[in-house]
Protein chains: 2
Amino acid sequence: MPDREAAQDQAISAAEDLFYSRGIQAVGMDAVRDASGLSLKRLYQLFPSKEALVLQFLNRRDRQWRQALAHHVDTHTTPEEQVIAVFEWLHTWFSKPDYRGCAFINSFGELGGISPEVVAQARRHKQAFRDYLVALVTATGRPATLGDQLVLLAEGAITTAAITGTSQPATQARDAARLLMLAYSRHDRAHSDGSQ
Amino acid sequence: MPDREAAQDQAISAAEDLFYSRGIQAVGMDAVRDASGLSLKRLYQLFPSKEALVLQFLNRRDRQWRQALAHHVDTHTTPEEQVIAVFEWLHTWFSKPDYRGCAFINSFGELGGISPEVVAQARRHKQAFRDYLVALVTATGRPATLGDQLVLLAEGAITTAAITGTSQPATQARDAARLLMLAYSRHDRAHSDGSQ
DNA sequence: CGCAGGAGAGAACGCTCGTTCTCGCCTCAT
DNA sequence: ATGAGGCGAGAACGAGCGTTCTCTCCTGCG
């Protein structure tokens, strides 16, 4: 049996392309077989069901997405630059020709009403992103409240870029983020906000 | 034939509940029949296919959503209050017990990869919302650029509220909107931004 | 009163899809 | 070399779904 781990990666990688571009329910296991080069038999001995494959796909997507973001952010040094770098990275993401929004938002929209596991996975992913951004923001000495607001800008940019098919929302969000950073750099040092 | 128009409304209304709560592909025409009280035969003489019913559902949702928003905004008088009223209305929307995000974002995530009509419908809806918010913003004497940024806050709040299951994002977005309004009320009167 | 026409209930049809089974082939230990 | 075991290819199976058909009943008009 040639490398169970490698075969799983191969399957998830093929499934990722298909699920992300066409949606989950629109992709049959036959399509995953064709794209991965693995037989149906092998697919089903690597994953007990399609749902398991879907969850693995989301899992891997979460890991890779956050890693790619962190990798770009780490190329900047000051905390302020790192916060802005998040929106720069969004811009390069949106510019990819096959960009079709956030896989977790899409999966939530498609399966959130019938699959609690998908909801939980989406929630975990968004929570992790929030925690990451809030950490970057608090590193600049600003309150977590600002971090939550920047999360909303980022999420809004993600869906708006997907639906309009442009990458412009990233720069709009970045500009708004700059203004909010500025607003929180002034007088918000004395009275605490008591949020989170 | 008792009122073709009324029967269509009945069908679309039933479909709306089902599609919104469970997703589109997860709802069969049998479920629409049971929920609407109409027979399958009647459904198919009212709509040529399920896809037509889906598009009518989105159409109606778009009309009602924008009308409800405008209705609430119109209860306020000054342009500044009206802009903020948008986020107040989002809060009441998010607080509905069966809230599950924006039907257009969800449909886009589910069918955007395989149905150009759904993509077009989502694009129209979001464009109309953008135009509306930008009009409110420019009525305050501020640039359209700010309107685009507030759109991102609203969109981000919509998806974040859906996934986290809280209505808090509405107030976070409202606070951020207030700060951005403030930022644009100061020095941005002399040098134009040349956007839009 | 009788009949034609339309409506509803539900069976039926054809297709798709998730999942499993069959069969033939290749590999490798003895 | 040989037999057994595991693999790939694809057929098969069962369920679900979009769509249509059948049959029966009700209604309304002559």
Side-chain angles (χ1 to χ4, degrees), chain A residues 1-58 106-107 109-111 113-118 121, chain B residues 1-58 106-107 109-111 113-118 121:
Chain A
M1 77 190 68
D3 236 316
R4 181 182 175 88
E5 199 106 353
Q8 277 185 337
D9 254 34
Q10 202 174 342
I12 299 175
S13 180
E16 185 171 349
D17 290 349
L18 293 168
F19 289 159
Y20 180 67
S21 65
R22 293 190 227 163
I24 291 172
Q25 312 202 64
V27 171
M29 291 297 275
D30 291 26
V32 176
R33 172 199 53 181
D34 293 347
S36 68
L38 273 53
S39 71
L40 276 179
K41 192 176 181 178
R42 189 119 169 90
L43 278 177
Y44 274 94
Q45 72 191 39
L46 292 171
F47 309 94
S49 66
K50 182 185 180 181
E51 178 161 3
L53 176 59
V54 169
L55 293 176
Q56 291 290 327
F57 143 65
L58 291 175
N106 292 349
S107 302
E110 182 171 0
L111 301 171
I114 54 179
S115 168
E117 291 92 345
V118 168
Q121 199 99 357
Chain B
M1 74 189 70
D3 238 316
R4 182 182 175 89
E5 199 107 351
Q8 276 186 339
D9 254 34
Q10 202 174 343
I12 299 175
S13 179
E16 185 171 348
D17 290 349
L18 293 168
F19 289 159
Y20 180 67
S21 65
R22 293 190 226 161
I24 291 172
Q25 311 202 64
V27 172
M29 291 297 274
D30 290 25
V32 176
R33 173 198 52 180
D34 293 346
S36 68
L38 274 52
S39 70
L40 276 180
K41 193 176 182 179
R42 194 89 214 276
L43 279 177
Y44 274 94
Q45 72 191 38
L46 293 171
F47 308 93
S49 67
K50 183 185 180 182
E51 178 161 3
L53 177 60
V54 169
L55 293 177
Q56 291 289 326
F57 144 64
L58 291 175
N106 292 349
S107 302
E110 181 171 1
L111 301 171
I114 54 179
S115 167
E117 291 92 345
V118 168
Q121 200 98 359

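Basis for what follows: all heavy atoms, side chains included, without hydrogens, waters or symmetry-related copies. Residue numbering restarts at 1 for every chain, and letters A, B, ... go by the order of the sequence lines.
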Measure from OH on A:Tyr44 to P on D:dG8 and round the result to the nearest Å. 16 Å
Closer than 4.0 Å, any side-chain N/O of A:Lys50 to the OP1 or OP2 of C:dG18? yes
Kindly state each residue pair satisfying salt bridge (Lys or Arg N to Asp or Glu O under 4.0 Å) with at least one member in residues 19-28 of chain B, sequence neighbours excluded. none
Whole-Å distance separating the CG atom of B:Leu53 from the P atom of D:dC17: 15 Å
Which nucleotide in the list D:dC23, D:dG8, C:dT19 gets nearest to the side chain of A:Lys41? D:dG8
Which pairs would a plain distance check flag for residues 25-36 of chain B, meaning a side-chain donor or acceptor within less than 3.5 Å of a matching protein atom at least two apart in sequence or in another chain?
{"residue": "B:Ser36", "atom": "OG", "partner": "B:Val32", "partner atom": "O", "Å": "2.8"}
{"residue": "B:Ser36", "atom": "OG", "partner": "B:Arg33", "partner atom": "O", "Å": "3.4"}
{"residue": "B:Ser36", "atom": "OG", "partner": "B:Leu38", "partner atom": "N", "Å": "3.1"}

Between C:dT19 (C1') and A:Leu46 (CG): distance, integer Å: 15 Å
Which residues pass the side chain to side chain contact (heavy atoms under 4.5 Å, CB included) test with B:Ser49, sequence neighbours left out? B:Glu51, B:Ala52
Whole angstrom value for the distance that separates C1' of D:dG5 from CD of A:Gln45: 13 Å
Can you pull out the residues from residues 22-39 of chain B that lie within a 4.0 Å heavy-atom distance of DNA chain C? B:Ser39
d(A:Asn106 CG, B:Asn106 CG) to nearest 0.5 Å is 9.0 Å
On a heavy-atom basis, the closest approach of B:Val118 and B:Ser107 is CG1-O, 3.7 Å
In whole angstroms, how far is the P atom of C:dG8 from the CG atom of B:Leu43? 10 Å
Figure out the CD1/P separation between B:Ile114 and C:dT16, and round it to whole Å. 14 Å
Rounding to 0.5 Å, atoms CG (A:Leu43) and NZ (A:Lys50) come to a distance of 12.0 Å
Applying the side-chain contact (heavy atoms from CB on, under 4.5 Å) criterion to B:Gln121, which one of B:Leu111, B:Val54, B:Leu58 satisfies it? B:Leu58
Does anything in residues 4-38 of chain B form a ring pair (Phe, Tyr, Trp, His ring centres under 6.0 Å)? List the pairs, not counting sequence neighbours. B:Phe19-B:Phe57
Would you indicate which nucleotide in D:dA11, C:dA9, D:dG8 comes nearest to any side-chain atom of A:Leu40? D:dA11
Working to the nearest 0.5 angstrom, can you tell me the gap between A:Ser13 OG and A:Gln8 CD? 13.0 Å
With the criterion being N/O to N/O and under 3.5 Å, what pairs connect the protein with nucleotides 26-28 of chain C, and how long is each?
none

